[in-house]
Amino acid sequence: MKRALIIGSGIAGLAAAIRLKQKGYLVDVFEASSTVGGKIGTLEKDGFRWDTGPSLFTMPGLIKELFDLCDENLEDYFSYIQKETICNYFWEDGTSFSVHADEGQFINDLAVLLGEDKSLIKSYLARSKAKYKLTEPVFLNQSLHIWKNYFKPKTLKAFAKSTSLDLFKSLDELNKEYFKNSKSVQFFNRFATYNGSSPYKTSGIMSMIPSLEMNYGTYFPKKGMRSIVDSLYELAKRQGVEFHLNEKVQRIETTSNKVSGLKTVKDTYKAAIVVSNMDVHYVYEELLPEKRKPKRILNQEKSSSALIFYWGVKKSFQQLDLHNVFFSDNYEKEFESLFEKKEIFNDPTIYINISSKEKPDDAPEGMENWFVMVNAPANYGQNWSSLIAEAKSNILKKLERCLGENVGELIISEEILDPIKIDNETKSFRGSLYGNSSNSRYSAFFRHPNFNRIRNLYFCGGSVHPGGGIPLSLKSAKIVSDLIPKL
Ligand code: FAD
């Protein structure tokens with residue numbers, strides 16, 4: 001049997017391992033850290049538990065697909081609920097908006113609260129849905145770097161209808177065409193942050209993202225986000241995938257421009273196939289130092305990073321749900337700070353995730369586990385200790401204004417994750433959450449392909465095509481598997 005070696009056990013590495021095992025390969029996964037899962041981590045302290053990375057779970061069907069592939073029943077190992085309230089939004093003037101999963105109710109609520117025209121909201125969402133339907137098979141389910149894919153009927157159809165994709169205006173410009181209330185524009189602009197971009201720069205095509213929440217729903221894994229990777233890890237092991245934890249890969253070995261194996265901190269291994277799930281920037285820098293780098297791709301602007309405070313809070317807040325957003329009063333300036341000045345804005349948009357709302361054992365009784373995140377620039381050597389102290393003070397002041405409560409006095413446990421730690425702990429270049437940003441209309445074409453000039457070397461994960469986030473990382477593993485022949 002041929003051997004396939006995977007570098008990294010992020011969600012895409014786990015998915016690629018499962019898929020290649022099903023294709024008949026002997027599969028080994030090498031992970032530098034002591035646990036699998038990469039950014040999808042967990043933290044326990046002082047009686048609280050937090051998911052340290054992703055908190056929004058969409059498209060669970062992509063996880064089910066992996067269990068189906070192995071002829072196993074997803075429900076026996078992993079369960080989740082669909083959320084009726086997608087997210088609670090708060091503005092400083094006291095306006096709040098609870099986004100309901102039911103499209104009809106959402107349209108009605110938005111129209112009543114912010115005075116928008118129902119038919120325009122409907123048409124925006126229909127256009128968003130159409131964009132996703134048109135682009136998914138072309139941009140998200142296949143390699144963008146294989147010429148024959150451009151001549152498939154679905155690709156030609158997408159290009160023929162490219163004017164309906166709103167590629168040539170920014171997301172903000174598009175949203176202003178539809179909505180008169182600046183709060184509605186801000187609400188729809190926020191979807192740019194789902195891939196770490198600025199709504200004032202990213203293309204209007206990103207308006208397809210709300211349709212994912214509305215049409216496919218948002219979910220919560222009953223045992224927390226971490227159970228997504230735990231269940232895939234166990235599935236991979238049951239299929240016979242071998243895991244080598246604490247075994248950092250140091251080198252990709254090649255002979256005549258074809259992959260021949262890997263050198264790790266412990267040993268060397270021969271392989272027919274190597275799949276890298278680590279940030280592509282470090283692959284070239286550390287594992288292939290003498291090979292020509294795809295500079296144009298690697299030098300693209302990075303996506304935003306994040307500053308997260310994990311707070312154990314000794315009170316329960318009835319007005320909050322699983323997902324909560326407190327909007328900045330000046331969204332445009334916030335993105336200017338992030339991408340131009342590389343600073344955290346002094347009135348930041350605050351996202352608070354409270355998993356104990358759905359999973360009470362994540363916090364002691366009567367308390368809550370707050371995951372408090374603000375957008376942060378990627379790490380360019382800023383003075384992070386001063387940015388973090390300033391951000392914490394600004395967050396607490398804003399929460400006091402919005403909730404009428406001195407949250408600082410309620411914090412009984414704290415941990416902090418910043419761009420430097422994200423980089424160090426998961427090897428994400430500059431701590432960016434999603435690899436390259438999507439701040440240009442051609443950005444899809446400037447993500448690293450799922451392969452390069454070295455034969456039998458493949459790439460999956462959030463830093464390559466089709467993009468970051470759990471769903472797209474899972475899709476990248478499928479694209480890679482589709483490129484590799486079955487044995
Ligand atoms: P990664 O998670 O990047 O893991 C790569 C793995 O490779 C790591 O385990 C690393 O240790 C290992 N590795 C690196 N170098 C080596 C080496 N030389 N040898 C061996 N192993 C190596 N996505 C969502 O869908 N929803 C969200 O709500 C969301 N929120 C997020 C919030 C935060 C704070 C963060 C950090 C990310 C968030 N994301 C979210 C993004 C999402 O987590 C990532 O896009 C996704 O998990 C990336 O997975 P990956 O497969 O690329 O691997």
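Numbering of ligands and ligand atoms starts at 1, following listing order. Note that the structure is predicted; figures quoted are calculated from it, not measured. Hydrogens, waters and symmetry mates are skipped; everything else that's a heavy atom, side chains included, is used.
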[X]-ligand 1 polar pair, N/O distance under 3.5 Å:
| X | answer |
| --- | --- |
| T52 | no |
| E31 | yes |
| G462 | yes |
| A32 | yes |

Number the atoms of ligand 1 from 1 as they appear, then name those within less than 4.0 Å of a heavy atom of [X], with their elements.
| X | result |
| --- | --- |
| Y434 | 29 (C), 30 (N), 39 (N), 40 (C), 41 (C) |
| K427 | 14 (C), 15 (N) |
| M278 | 14 (C), 15 (N), 16 (C), 17 (C), 18 (N) |
| G461 | 51 (O), 52 (O) |

Checklist entry - Below 4.0 Å from any atom of ligand 1, is there a heavy atom belonging to A306? => result no
Item to check | Location of contacts on L417 toward ligand 1, heavy atoms closer than 4.0 Å | outcome: neither
Checklist entry - Applying a 4.0 Å heavy-atom criterion (strictly less than), which segment of N277 is in contact with ligand 1: side chain, backbone, both, or neither? => result both
Checklist entry - Between D362 and S355, is a side-chain hydrogen bond (donor to acceptor under 3.5 Å, both in side chains) present by the stated rule, with each step listed? => result CA-CA 7 Å; D362 276 352; S355 68; 2.6 Å; yes
Checklist entry - When you measure from the centre of the six-membered ring of Y380, is the NZ or CZ of K342 under 6.0 Å away and within 45° of the axis? => result yes
Checklist entry - Has R238 got its NZ or CZ under 6.0 Å from the middle of the six-membered ring of Y77, at an angle within 45 degrees of the ring axis? => result yes
Checklist outcome for this item: Candidates P54, A376, G10, S476; heavy atom nearest atom 43 (O) of ligand 1 found on P54
